[in-house]
There are 2 protein chains.
Amino acid sequence: MELVHKDTEKIILEAARKVFIQNGYEGTSTQHIADEAGINKALLHYYFRNKDRLFEAVFMEAFTKMIPNLFVILQTEMDFFEKIELFVDSYISALQQFPQIPLFILHELKRNPDRVVEMISSTGINPALFIALIEKEIRNGTIREIDPLHFLVNMLAMCIFPFAAKPMIQGFILKNDAQEYDRFIKARKKEVTSFIINAIKK
Amino acid sequence: MELVHKDTEKIILEAARKVFIQNGYEGTSTQHIADEAGINKALLHYYFRNKDRLFEAVFMEAFTKMIPNLFVILQTEMDFFEKIELFVDSYISALQQFPQIPLFILHELKRNPDRVVEMISSTGINPALFIALIEKEIRNGTIREIDPLHFLVNMLAMCIFPFAAKPMIQGFILKNDAQEYDRFIKARKKEVTSFIINAIKK
DNA sequence: GTCTATATTGTGATAGAC
DNA sequence: GTCTATCACAATATAGAC
């Protein structure tokens, strides 16, 4: 599959990433991964011991893409509305690069919710900082009184949902036109930003 | 499993519903369903022929819950903002009854996106009607100029996402407190409604 | 490191007794 | 209608040759 010689381990990991993220843990066989990597199952076990460990490697990597460290943006000294715009822009851009990640993570997290707790510490993100920021802006009178947690979830929802619900949106709303879907995603940064700002500004 | 005698067919369907929606098509074995129903695999095949047909029955039923006919609300003669409030209230209430449906449908739709097209005709919903409604309200000056499609997706996102992302929200934002999550969901109708109305009103 | 061959268990599905 | 027994096959995983 690969003409250039990479580490075999990396080739396997790359194949696993592709197949797992496309089909999920249970929808994936080690045979399928081996075929994709152009090797055989035994070699896969040689490098990663078993299916679970290989999956774990893929999952962790994907998780950090799902919860990126974009929250640092919110802690800078920019104008608040510019922060929001930059956050939405950056997050949607990141998801455009890996559009399959949201549904993959959501599904696998449901299969094993305990993982979230383990993962929390690995990312440096603390929702409390976000809450504090919003409360400060309310006191300053920059924005109207809103619940910070619901606001956070609203932002994430509007950024993430269109990717997780791609088949529904494309098939149901956009008459199954793939080009329409691409245009829709491209327009979203602007649409979401203005929607949010209008919702919270005083 | 059932003391009262129901139709065996219904008992199997009920078990299949539970197991499929919890674990997805590929995460479910016919054995698992048979155990849940308190019967054996052979009987399952007697009534539903194969796994696919049984799944199809479960999926179709679930799909109509995911895309409910709440759009009729929007076609009534109420005040526009009251329509929005009623839509959000009703939809979140419906999802509260079946909180696992969103992620189930999203995942299974990805596995077979062609289904959406088939399903479109079965529901009587037409996004064009929604678009026309929004455009009318813009002309009337009730709301500011927004893209109707993005607005529709924003509404759906804010209603659906908290259910699809339950493990993430509960584990990551709410420190893994199940009661906190319940309170969060209860508060959402009000939060989402006011967020939307502030975002679109002139 | 990489392969073939194989062990072992689980899967969807059917045959046939009752 | 409902069961047990069984088939054919696919799954994960390991042993052992090279």
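We name chains A, B, ... by the order of the sequence lines, and we start the count at 1 in each one.
We find that CD of B/Gln31 is positioned 13 Å from C1' of D/dT4, with the value rounded to whole Å. Computed from coordinates, the B/Lys51 NZ to C/dT14 C1' distance equals 18 Å when rounded to whole Å. Put simply, CG on B/Leu54 is 12 Å from C1' on C/dG12, counting in whole angstrom units. Rounded to whole Å, the distance from NE2 on B/His32 to C1' on C/dT9 is 18 Å. If you take CZ of A/Arg53 and P of D/dA13, they are 11 Å apart, rounded to a whole angstrom. Across the protein-nucleic acid pair, A/Ile39 atom CD1 and C/dC3 atom P stand 7 Å apart, rounded to whole Å.
Expressed to the nearest 0.5 Å, how far NZ of A/Lys41 lies from CD1 of A/Ile33 amounts to 12.0 Å. A/Leu129 CG to A/Gln75 CD: the interatomic distance, rounded to the nearest 0.5 Å, is 5.0 Å.
Residue B/Thr30 places at least one side-chain N or O under 4.0 Å from the OP1 or OP2 atom of C/dG12. Contact between the side-chain N/O atoms of B/Thr8 and the OP1/OP2 oxygens of D/dT2 is found at a separation under 4.0 Å. Phosphate proximity of C/dG12 to B/Asn50: absent, as no side-chain N or O sits under 4.0 Å from OP1 or OP2. Side-chain nitrogen and oxygen atoms of B/Asn40 include at least one within less than 4.0 Å of the OP1 or OP2 phosphate oxygen of D/dT4.
Side-chain atoms of B/Gln100 and A/Lys110 include a donor-acceptor pair closer than 3.5 Å.
Scanning for ring-ring contact (aromatic ring centres under 6.0 Å, His included) contacts around B/His45 gives an empty result, with sequence neighbours left out. Judged as a salt bridge (charged side-chain N to carboxylate O under 4.0 Å, His left out), and not counting sequence neighbours, the contacts of B/Glu180 are B/Arg183. Listed by chain and residue number, nothing satisfies the side chain to side chain donor-acceptor pair (under 3.5 Å) test with A/Thr123 (two or more places apart in sequence, or in another chain). Looking at residues two or more places apart in sequence or on another chain, you find a ring-ring contact (aromatic ring centres under 6.0 Å, His included) between A/Tyr25 and A/Phe55.
Under the 4.0 Å criterion applied to side-chain N and carboxylate O atoms, B/Glu56 and B/Arg115 are assigned as salt-bridge partners.
Contact check of residues 42-49 of chain A against DNA chain C (heavy atom, cut-off under 4.0 Å) returns A/Ala42, A/Leu43, A/Tyr46, A/Tyr47. At a non-hydrogen distance threshold of 4.0 Å, B/Thr28, B/Ser29 from residues 18-29 of chain B come into contact with DNA chain C.
In terms of position on DNA chain D, the residue among B/Lys41 and B/Glu9 whose nearest nucleotide sits closer to the 5' end is B/Glu9.
Using cut-offs of 30° and 60° on the angle between ring planes, the pair A/Phe63 and B/Phe172 is perpendicular.
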